[in-house]
Amino acid sequence: MPRYDAKRLEPKWQAYWEEHQTFATGPFDPAKEKMYVLDMFPYPSGAGLHVGHPEGYTATDIVCRYNRMKGKQVLHPMGWDAFGLPAEEYAIKTGTHPAVTTAKNIETFKRQLKSLGFSYDWNRELATTDPDYFRWTQWIFLQIFDTWYDASCEWTGPDGVKRIGRGRPISELPIPPDVAANGEAAVRRYQDQQRLAYQHEAPVNWCPALGTVLANEEVVDGKSERGNHSVERIPLRQWLLRITAYGDRLATELDNLAWPESIKLMQRNWIGRSEGAEVDFWIGVEGSGLRVEGKTMSSPSTLNAEPSTFNDWLASRAQTGFPREPGDDVLRIYTTRPDTLFGATYMVLAPEHPAVDRLTTPEQRAAVEAYRQQASFKSDLDRTELAKTKSGVFTGGCAINPVNGEKVPVWIADYVLISYGTGAIMAVPAHDMRDCEFALTREPRLPIKAVVRPSDRFLVEGHVIILKAGPRVDAAKMLLADPLRVDRDPGMRQLAETVVKTDGWQEAQAAEEFFKCYANHPELWLPVEDGPGAAINSGKYNGLPTAEFKSKITADLAASGLGRKAVNYRLRDWLFSRQRYWGEPFPLWHELDAYGQPTGLLRVDAESALPITLPEMADFKPTGTPEPMLSKAPESWLYQTAPDGTKLKRETNTMPQWAGSCWYYLRFVDNKNAAAFIDPQLEKQWLPVDLYVGGAEHAVLHLLYSRFWHKVLFDRGHVHTAEPFQRLVNQGMILGEVEFTGYRRLGLRPDPNGSESAADGKAGVGTESQPTGEWVSASEVTDDDDGNAILKATGERLATVKLSLDAVKKSGDSFVLADRPDVRIESRAYKMSKSRGNVINPDSVVENYGADSLRLYEMFMGPLEAVKPWSMQGVEGVSRFLARVWRTITDDRADDVRLNPAVQDTTPAEPQLRLLHKTIKAVTHDFDTLGFNTSISRLMEFMNEVTNWSVRPISIMRPFVLLLSPLAPHVAEELWQLLGGTTTLAYEPWPTFDPKLVEDAVIDVPVQINGKLRAKITVDAKADQATIEAAARREDSIISQLEGKTVVKVVYVPGRLLNFVVK
RNA sequence: GGCCGAGUGGCGAAAUAGGCAGACGCACAGGACUUAAAAUCCUGGGUUCCGAAAGGGGCGUGCGGGUUCGAUUCCCGCCUCGGCUACCA
């Protein structure tokens, strides 16, 4: 009976832990070090757990178990991110309430997680859909709603760090006198504009199929991320959170976090802070009557009351300064290159820009209207697809460049986005690749004017850019003929030579034009991107280096009221409302007038009214319009009359799924608190999260949103750290088993009736499932847009054939058909997906091998962060290891579970002790660095030795079981009990090693000659160089190798190696 | 197109303040046990050349260079694969 039987052991110990509340977090003990270890909680989908989930969960579980044994108090909770579309979609289909589906899925997930033996404190379980939980989600929303961002506030937080900029209560917002003069309603409207949660009408991604509006990040390639439905852009009133106010802090405060650099970088890129200037270009009153006189900014004339000329306007600006909001007489642009203002040869507005109507001349109106119409229907995908040939239309209108009084034509084009900067740009085709592409593809071509002469070094680099963009051979030959340039940079010569050798290639027409333009005009050999250079053709600024020029002209523009320094973020404010049912309702009311129409004024629910729960609904079908689902709610839910008699209507949007996951790490600390979202004392004790593990797919959004909420709470004094997650680790994706794929044509075997063409896949004998055509080498194959295999050369559709390992063999770098070595085979592991049929279900692994084997295998596959393919045989391997551990300690031939007779209570021999202590050292180190794969190797090596011992001292085996226990806790508990343990081993002290026992008395020193290994000598560990060198010179192989040569040098690395350098 | 990461045996991988490449596991091959199989245990192996063997030599960490007594590790250039991103002025 007592073979290793996971199915018997595992439920037994899971029941024990539950019964004894082994992993319940006790009351906080200030005397103990704390450790808060968090997994990214899952969305409980109907499909159940995926093998990707236990990867991170096992890693954190090991860390927790290890640290408990090291005497720390550990907080390790689990919960459910349970709002979201799938449950609602299921409700639409079947009428099942999302709450029912959600509860059922949670049940499944919980059972599965428990079957893996994770040491969660289940008393802390929560779901974002619990009214007890989302009560506080709503409460935090009200905090955000109650906050405005004071960008100039200087303050020192509880962390002792000085900051500029703070979220403050709306009651502290200074009200400008002119607003105050207009009465209370005006003040309230003014406040509402400044809140961190505000309403905004904006074009949004309306997805008719889902009946909802999607956030930009939920739209992938112009289709909905979920369901792949088409998406249109329509304007809609939305709630937004002013995350951009925190852009700087979200970027800079990443610096001190122990996060992977790549994730930090992704967040910084996402935030995309850029510094530049806003500049106004005059377009005259109503865009007409545009008159230019010869004067420019540097020589303003006297002020006229009604600016009717450019000079008057300049003069008035010199007096009034730069207005907060641009008036109708200007186009405000944003640029990061104010130093290229003199090179602006045209301007571009986003098609949606409000000034377009004013600027469009009668002759151009039809074209402009048509273009705008077309642009409004375009999804983002269409816009990017047309990227290669930039489209645009001339408005017929012009604006005046404030720095030189030049008249520049104004275009509209959708390569300029309304949502970034001011939705308008000045185009400098000489120094901006996009502007250049646009200018060169107009007919007639738009002028290009260079205003920066790059440094010599950048001339060379400019060439590199041209080489990459244009016909390389000519450029490369030209370069090689110019030793001055080539010799300055060896990489340059190499590149040029390579290009000449390989004959280069032709790129798109635009790139060629771009190149010609540059090649013929040396003054245009410029860096396209920022680079050190000096101004030319820029009036009084000529000769100024770029950086100096930027700050100088920005200051000058500000002084003359024409521009100002500006910062922009790629990051947009967070679109926070959804039109769905299954989300948190907003705790807000709209005031209604006597006719039942919203007045635009808002009221909030009292804290005591929270949670605002979802109304019961008769059906879950989307409204089919952009109207939110909740607008179909019962009247009793929708309307109420305030004590002062005002009629109120509820906000009918719901919050996005991100809301609940923004703060769950806080609630875990104090999940039962009915008086506060978290007890302040407990918050100080447990936060921040010490280790946060999850998939890299949340690198940007979830982590950025949580950090944002946390910072608002920090500013408002509710949490004491500026950052929620101190250390972050991303586990790598687990792919399906490696697959060998061959490709064949669909069926070219000649049809008996004569016709042979089968390129369309219909004629011929073969079919897609039973292809009979010629094999095609994998190198000839590529994927089309729908992911089908096609022949690179002709686009002919091919059939894919799964091959077994026996059918292929390795040849050089690639795999080929075993009997057709000329046919290359693709060998790859793919993402697990239902459609591919390569999904591994953890339940079946537990059923066949046990939870300990699954855990061990997931950790043994490779480094935690790496992407790795699954292998069922690998599971079998670690399972064999556990069985060997079992047999080594138990007597598997006995009828009951008892110790192996070889396990005895005797004094261990020194080699046994040494092996144990080395293993302790290595495993401890590996656990500290999350190197679980190597820790398992070390335990295997230990076992390989121990199985050879006829006597296995208990005092060796007990610490070994403790070392194994974080990895494979069930079998470890069972063995621990057998070795005399009376309670769980979860709190046994972690074994320590004796430094004296991990050092060897004699060591092997490799001896090299000229860096090549020639011998190994065994010496006393303390031997000095002379002794070792003498010993080495006595070695036969060394003697013969040294014969007739002169030793010029001897390199000795203490304890590592000896190297004779000879001639 | 941009950014990030990775390329080491048949496969998953180890080893990097530069110092014995391939630990550990899988798969494979041979052997033991067995009536047989499974399970288990033992043995073997990067590759190539010389040798009957013992043994010895060459080549080997994607490719091409460089620095060094010595490079999987550092530097330059290139190729391939994967992930993220997508006109952000």
Q) Is there a donor-acceptor contact under 3.5 Å linking the side chains of A/Asp573 and A/Thr244? A) yes
Q) Using purine N1 to pyrimidine N3 plus N6-O4 or O6-N4 for Watson-Crick, or N1-O2 and O6-N3 for G-U wobble, both under 3.5 Å, which nucleotide pairs with B/C69? A) B/G19
Q. Side chains of A/Asn944 and A/Arg884: do they bring a donor and an acceptor to under 3.5 Å?
A. yes
Q: Using the P atom on both, measure B/A71 against B/G58 and round to a whole Å.
A: 15 Å
Q) Once you round it to whole Å, what is the distance between C1' of B/G22 and CD of A/Glu941? A) 13 Å
Q.
Under a 3.5 Å cut-off for both contacts, is B/G82 paired Watson-Crick or G-U wobble with anything, and if yes, with which nucleotide?
A. B/C4
Q. With both distances under 3.5 angstrom, what nucleotide forms a Watson-Crick or G-U wobble pair with B/A38?
A. none
**Q.** Aromatic contact, A/Tyr346 with A/Phe438 (centres under 6.0 Å)
**A.** yes
Q | Counter-base of B/A13, judged by Watson-Crick or G-U geometry with both distances under 3.5 Å | A | none
Q. Within the structure shown, what part of the strands sits under 4.0 Å from A/Ser871 by heavy-atom distance: base, sugar-phosphate, or nothing?
A. nothing
Q: Taking only Lys NZ, Arg NE, NH1 and NH2, and the carboxylate oxygens of Asp or Glu, determine whether A/Asp5 and A/Arg3 approach each other closer than 4.0 Å.
A: no
Q) Distance check: side-chain N/O of A/Arg1014 vs OP1/OP2 of B/G57, anything under 4.0 Å? A) yes
(Q) If I take atom CE in residue A/Met266 and atom P in nucleotide B/A86, what distance separates them, rounded to the nearest angstrom? (A) 10 Å
Q) Using atom P of each nucleotide, how far apart are B/A6 and B/G62 to the nearest Å? A) 13 Å
Q) Counting side-chain heavy atoms from CB outward, which of B/C69, B/C11, B/A15 is closest to A/Phe815? A) B/C11
Q | Rounded C1' spacing from B/C78 to B/G7 in Å | A | 14 Å
Q: Using atom CD of A/Glu876 as one end and atom P of B/U40 as the other, report the distance to the nearest whole Å.
A: 9 Å
**Q.** P-based separation of B/G45 from B/A54 [nearest Å]
**A.** 12 Å
Q) Relative to the 5' end of RNA chain B, which residue comes earlier, A/Tyr334 or A/Ser262, by the nucleotide with the nearest heavy atom? A) A/Ser262
**Q.** Short N-O contact, A/Glu275 and A/Lys550, less than 4.0 angstrom
**A.** no
Q) Heavy atoms under 4.0 Å, any strand shown: does A/Asn568 hit a base, just sugar-phosphate, or nothing? A) nothing
Q) Cationic tip of A/Arg938 within the cone over A/Phe942's six-membered ring, i.e. under 6.0 Å and within 45° of the normal? A) no
Q: Would you tell me if any nitrogen or oxygen in the side chain of A/Lys1012 comes within less than 4.0 Å of OP1 or OP2 on B/C59?
A: yes
**Q.** Rounded distance in Å between the P positions of B/C3 and B/C76
**A.** 15 Å
**Q.** Residue-phosphate contact under 4.0 Å: A/Arg880 side-chain N/O, B/A27 OP1/OP2
**A.** yes
Q: Please state the C1' separation for the pair B/C49 and B/A32 - nearest whole angstrom.
A: 35 Å
Q. Who does B/G60 pair with, Watson-Crick or G-U, both distances under 3.5 Å?
A. none
Q.
What's A/Val1053 touching, base or sugar-phosphate or nothing? Going by heavy atoms closer than 4.0 Å.
A. base
Q) Within the structure shown, what part of the strands sits under 4.0 Å from A/Lys1016 by heavy-atom distance: base, sugar-phosphate, or nothing? A) base
Q. Hey, does the side-chain of A/Gln873 have a donor or acceptor N/O within less than 3.5 Å of a partner on the base of B/G25?
A. no
Q | From B/A89, B/C24, B/A13, nucleotide with atom closest to A/Phe860 side chain | A | B/C24
**Q.** Sugar-phosphate, base or nothing in reach of A/Asn933, heavy atoms under 4.0 Å
**A.** sugar-phosphate
Q: Map A/Asn948 and A/Gly877 onto RNA chain B by nearest heavy atom, then report which one ends up closer to the 5' terminus.
A: A/Gly877
Q) Does the side chain of A/Tyr420 pick up a donor-acceptor pair with the side chain of A/Ser274 at under 3.5 Å? A) yes
(Q) Base, sugar-phosphate or nothing for A/Thr947? Non-hydrogen atoms, less than 4.0 Å. (A) nothing
Q: To the nearest 0.5 angstrom, please state how far the NZ atom of A/Lys1049 sits from the CG atom of A/Asn1059.
A: 9.0 Å
Q | Nearest-Å distance once atom P is located in both B/C59 and B/A21 | A | 13 Å
Q. Which part of the nucleic acid does A/Ile425 contact within heavy-atom distance under 4.0 Å: base, sugar-phosphate only, or nothing?
A. base
Q: Using atom CG of A/Asn269 as one end and atom P of B/G5 as the other, report the distance to the nearest whole Å.
A: 12 Å
**Q.** Base-pairing assignment for B/A53 (Watson-Crick or G-U wobble, both under 3.5 Å)
**A.** none
Q: Decide, for B/G51, between syn and anti: a glycosidic angle within 90° of 0 counts as syn, anything else as anti.
A: anti
Q: Remember a base hit wins even if backbone is also touched, and classify A/Arg938 as base, sugar-phosphate or nothing at under 4.0 Å, heavy atoms.
A: nothing
Q | Nucleotide nearest A/Asn1059 (side chain, heavy atoms from C-beta), chosen from B/A14, B/C69, B/G10 | A | B/C69
Q. Atom OH of A/Tyr830 to atom P of B/C81: distance rounded to whole Å?
A. 13 Å
Q) Quick one: does A/Asn1010 reach the base of B/C69 with a side-chain donor-acceptor pair under 3.5 Å? A) no
Q) A/Lys868 has an atom NZ; how far is it from atom P of B/G7, in whole Å? A) 14 Å
Q: Using only side-chain N and O atoms of A/Asn944, determine if any of them is under 4.0 Å from OP1 or OP2 of B/G25.
A: yes
Q. Which nucleotide in the set B/A86, B/C20, B/A89 lies at the smallest distance from any side-chain heavy atom of A/Trp270?
A. B/A86
Q: Could you state the atom-to-atom distance from CZ of A/Arg1056 to C1' of B/A17 in whole Å?
A: 11 Å
Q.
Using a heavy-atom cut-off of 4.0 Å across all strands, would you classify A/Glu865 as base, sugar-phosphate, or nothing?
A. nothing
Q) With respect to the side chain of A/Asp414, which nucleotide from B/C11, B/A23, B/C87 is positioned closest? A) B/C87
**Q.** Side chains of A/Thr890 and A/Asn900, donor plus acceptor under 3.5 Å
**A.** no
Q: For the side chain of A/Leu1013, starting at C-beta, report the closest nucleotide among B/G19, B/U85, B/A21.
A: B/A21
Q: Would you indicate, yes or no, if B/G82 has its OP1 or OP2 atom less than 4.0 angstrom from a side-chain nitrogen or oxygen of A/Arg828?
A: yes
Q. Can you tell me how far C1' in B/U61 sits from the matching atom in B/G19, rounded to whole Å?
A. 16 Å
Q) A/Ile263 has an atom CD1; how far is it from atom C1' of B/G83, in whole Å? A) 10 Å
Q: Pick base, sugar-phosphate or nothing for A/Arg570, based on heavy-atom distances below 4.0 Å to the nucleic acid.
A: base
(Q) Surrounding NZ of A/Lys264 (heavy atoms of other residues, nucleotides or ligands, distance under 6.0 Å), is the total greater than 12? (A) yes
Q: Please state whether the phosphate of B/C41, meaning OP1 or OP2, lies under 4.0 angstrom from any side-chain nitrogen or oxygen of A/Arg887.
A: yes
